[in-house]
Amino acid sequence: MTLRVGNFSGFYGDRFDAPREMLTGGEVDVLTGDYLAELTMLILARDRLKDPTAGYARTFLRQLEETLGLAHERGVRIVTNAGGLNPAGLADAVRALADRLGIPVRVAHVEGDDLTARHPGSLAAHAYLGGFGIAECLRAGADVVVTGRVTDAALVTGPAAAHFGWAPTDHDRLAGAVVAGHVLECGTQATGGNYAFFGERDPRDLRRPGFPLAEIHADGGSVVTKHPGTGGFVDVGTVTAQLLYETAGARYAGPDVTARLDTVRLTQDGPDRVRIEGVRGEAPPPTLKVGRNRLGGFRNEVVFVLTGLDIEAKADLVREQMGDALAASPPADVRWELARTDRADAGTEETASALLRLVVRDPRQEAVGRVLSGAAVELALASYPGFHVLAPPGKGSPYGVFEDVYVPRGDVRHMAVLHDGRRVTVREPADTAVPDGVPEPALPEPLPPGPTRRAPLGLLAGARSGDKGGNANVGVWVRSEEAWRWLAHELTVERLREMVPEAAGLPVTRHVLPHLRALNFLVEGILGEGVAAQARFDPQAKALGEWLRSRHLDIPEALL
């Protein structure tokens with residue numbers, strides 16, 4: 001008995017026609033859509049400030065208008081966290097849409113995650129719920145289930161638990177579904193999107209990757225695949241990359257179960273088919289994560305264009321001039337970044353230019369508004385030769401800060417609101433356990449000494465990176481045992497700090513995952529106060545792994 005669970009959205013803004021593609025491209029039992037991220041919750045919270053009836057992903061309704069009838073005809077159930085901050089509101093909107101279209105569907109929703117009232121000063125504070133509220137709704141006959149803030153993997157654990165009758169104590173089965181859910185959650189990242197070794201493929205494979213699906217079995221094992229004839233590809237590499245995305249250690253803790261990523265085994269099961277098996281699970285933690293978004297203050301920026309000769313001297317001059325102008329009322333946080341995008345003897349003015357970026361932040365809008373814009377504009381005829389900016393700074397805009405805190409599970413009332421209006425409280429698991437770290441596994445034997453060549457790490461290793469609040473993870477993997485014997489000993493915490501100077505003064509933890517031939521690094525604090533604060537050039541660390549792959553080190557010639 002197999003449950004085929006597909007994905008049609010990896011974020012709020014993903015491919016609009018994906019639901020239709022998934023419904024018409026092949027067999028599927030449940031379609032899941034993931035719309036929520038830390039930044040998305042802040043965006044929805046600001047929407048709700050303007051309109052109390054808002055707070056959900058309106059795109060989902062437009063997608064459903066085109067596909068609800070098709071899903072009903074084919075008996076496909078839809079599960080989505082597009083409810084955001086207002087799952088009840090979205091559920092009502094789906095019912096109204098179904099009535100208008102004349103389609104008899106049963107709509108349920110999950111609530112209880114909203115803890116904003118308990119966290120004064122927060123725009124939104126939401127607990128990450130598990131999948132058993134979804135399971136209650138599906139067991140009662142719902143065709144569409146809308147949730148708020150659940151874990152991304154819960155969109156898969158819920159349908160699997162409902163279909164197979166799993167209990168909260170079925171830790172291994174639930175852990176297998178969590179791993180499958182983590183692979184599916186970001187959509188086409190599992191089918192070749194954003195893949196480190198994309199250059200090895202025919203470009204025609206990558207123009208429009210198909211969305212992934214998982215064939216889940218009663219024992220929790222699964223096969224990740226995609227519909228026949230769709231673009232992209234599924235192989236051990238694409239699945240490994242997604243498994244490493246936004247994770248940390250061997251224990252991957254969630255509200256349903258703690259999955260042991262160090263037990264995951266991947267095998268190629270045919271073209272575009274990767275089997276996931278051997279996953280072990282443990283009791284979930286006694287607490288639930290709560291994501292808090294609050295107003296951090298106001299920010300503004302100006303980018304000075306420095307062209308031609310004497311780039312460093314031009315940058316020094318404008319830094320001093322702006323510092324003098326802001327001295328009377330300096331913003332609380334002032335950051336300069338010089339990006340040397342210029343080239344010598346360049347053939348175009350643009351490629352002869354560097355960018356000097358000034359970002360200021362302060363709790364007071366007036367400290368980053370006219371004070372900054374006036375100071376920058378007044379330099380137009382009194383600074384370095386060739387002075388101009390990409391755009392004049394505005395009045396300053398609010399920015400958000402993401403924080404995560406943990407609360408006892410009993411403080412959260414996880415509620416399934418069934419399609420007939422009945423409200424069912426989801427019981428907490430009877431057994432929980434604090435997810436301690438695991439001993440580092442034995443490393444493989446190092447390669448024997450031999451000649452080396454200075455070359456980019458990316459010639460040998462793939463990487464995938466992402467954000468968790470102010471922290472970033474970088475997962476690095478290789479595709480052969482020989483390469484693993486080298487990587488496991490070469491890419492230490494100290495070597496990573498050398499290759500990524502931003503991490504030099506930050507806490508960095510290395511996690512070893514031998515079955516995946518992978519190392520996963522957690523770099524704490526590199527993203528400041530989170531993506532909405534935009535503390536660095538790449539505020540979500542999406543390309544941090546690619547930067548690491550571009551850095552040079554001594555690689556054994558036998559591996560190149």
Side-chain angles (χ1 to χ4, degrees), residues 37-39 41-43 45-46 49 116 119-125 290-306 314-339 355-380 382-383 387 389-405 467-472 500-507 523-541 544:
E38 294 166 359
L39 181 60
M41 296 297 282
L42 176 64
I43 293 169
R46 293 175 64 179
L49 286 176
T116 306
H119 294 270
S122 297
L123 292 174
V290 177
R292 295 177 52 193
N293 283 282
R294 62 176 175 82
L295 182 65
F298 296 85
R299 71 182 298 280
N300 207 347
E301 72 173 78
V302 58
V303 180
F304 301 90
V305 183
L306 316 175
K314 290 171 179 174
D316 289 343
L317 175 59
V318 79
R319 284 194 193 101
E320 292 179 10
Q321 289 178 310
M322 289 298 295
D324 292 343
L326 297 175
S329 180
D333 183 50
V334 178
R335 301 190 186 194
W336 291 92
E337 293 179 6
L338 176 60
L355 301 177
L356 179 64
R357 182 171 178 245
L358 168 62
V359 178
V360 296
R361 295 180 180 81
D362 197 277
R364 304 159 298 149
Q365 187 173 21
E366 60 272 18
V368 301
R370 176 60 187 166
V371 173
L372 177 71
S373 60
V377 171
E378 288 170 5
L379 291 180
S383 190
F387 179 98
V389 298
L390 290 184
K395 62 181 180 180
S397 58
Y399 70 89
V401 171
F402 176 86
E403 302 163 331
D404 54 14
V405 297
D467 65 314
K468 282 295 181 185
N471 305 330
V500 181
E502 284 181 84
L506 300 174
V523 186
E524 298 180 41
I526 193 171
L527 304 180
E529 294 178 299
V531 55
Q534 298 183 26
R536 75 188 288 274
F537 170 69
D538 174 17
Q540 290 181 283
L544 185 59

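Just the heavy atoms: all of them, side chains too, but no hydrogens, waters or symmetry mates, feed the values below.
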Set of residues satisfying side chain to side chain donor-acceptor pair (under 3.5 Å) with respect to Ser122, sequence neighbours excluded: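 Testing Ser122 for side chain to side chain donor-acceptor pair (under 3.5 Å), a comparison that skips the adjacent residues, returns Arg292.
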
Non-neighbouring partners of Asn471 that pass side chain to side chain donor-acceptor pair (under 3.5 Å), sequence neighbours left out: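 Here no residue qualifies.
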
Which pair of non-hydrogen atoms, one from [X] and one from [Y], has the smallest distance, and what is that distance?
X: Leu295; Y: Pro398; value: CD1-CB, 3.5 Å
X: Pro393; Y: Val302; value: CD-CG2, 4.0 Å
X: Thr116; Y: Ala125; value: OG1-N, 3.0 Å
X: Ala124; Y: Ala45; value: CB-CB, 4.0 Å
X: Pro331; Y: Ala367; value: CG-O, 3.6 Å

Criterion side-chain contact (heavy atoms from CB on, under 4.5 Å) against Ser397, the qualifying member of Gln365, Glu301, Arg299: Arg299

side-chain contact (heavy atoms from CB on, under 4.5 Å) partner of Val334, chosen from Val359, Leu372, Val360, Asp362: Val360

Val523 side chain reached by Val500 side chain, heavy atoms, under 4.5 Å: no

Distance (rounded to the nearest 0.5 Å) between Asn300 CG and Arg361 CZ: 11.0 Å

Gap separating the CD atom of Glu403 from the CD atom of Glu38, nearest 0.5 angstrom: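 Glu403 CD to Glu38 CD: 11.5 Å, rounded to 0.5 Å.
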
Sequence neighbours excluded - salt bridge (Lys or Arg N to Asp or Glu O under 4.0 Å) pairs with any residue from residues 524-535: Arg294-Glu529

From CA spacing to verdict: side chain to side chain contact (heavy atoms under 4.5 Å, CB included), Val389, Val305: CA-CA 5 Å; Val389 298; Val305 183; 5.9 Å; no

Derivation and outcome, side chain to side chain contact (heavy atoms under 4.5 Å, CB included), residues Val318 and Leu358: CA-CA 10 Å; Val318 79; Leu358 168 62; over 6 Å; no

Any residue meeting ring-ring contact (aromatic ring centres under 6.0 Å, His included) with Phe304, in chain and number order, not counting sequence neighbours: Phe387

Any residue meeting side chain to side chain contact (heavy atoms under 4.5 Å, CB included) with [X], in chain and number order, not counting sequence neighbours:
X: Pro501; result: Trp547, Arg551
X: Asp538; result: Arg536, Lys542, Ala543
X: Ile43; result: Leu39, Asp47
X: Asn293; result: Met41, Leu42, Phe402

What pairs with [X] under salt bridge (Lys or Arg N to Asp or Glu O under 4.0 Å), at least two apart in sequence or on another chain?
X: Glu366; value: none
X: Arg46; value: none
X: Arg335; value: Asp333

Donor-acceptor contact present, side-chain Glu502 to main-chain Ile526, <3.5 Å: no

Without placing hydrogens or testing angles, list every side-chain donor-acceptor pair under 3.5 Å for residues 319-330, not counting sequence neighbours.
from	atom 1	to	atom 2	distance (Å)
Arg319	NH1	Asp316	OD1	3.1
Gln321	OE1	Ser383	OG	2.5
Gln321	NE2	Ala382	O	2.7

Val405 and His119: CA distance, side-chain angles, deciding distance, side chain to side chain contact (heavy atoms under 4.5 Å, CB included) verdict: CA-CA 11 Å; Val405 297; His119 294 270; 4.1 Å; yes

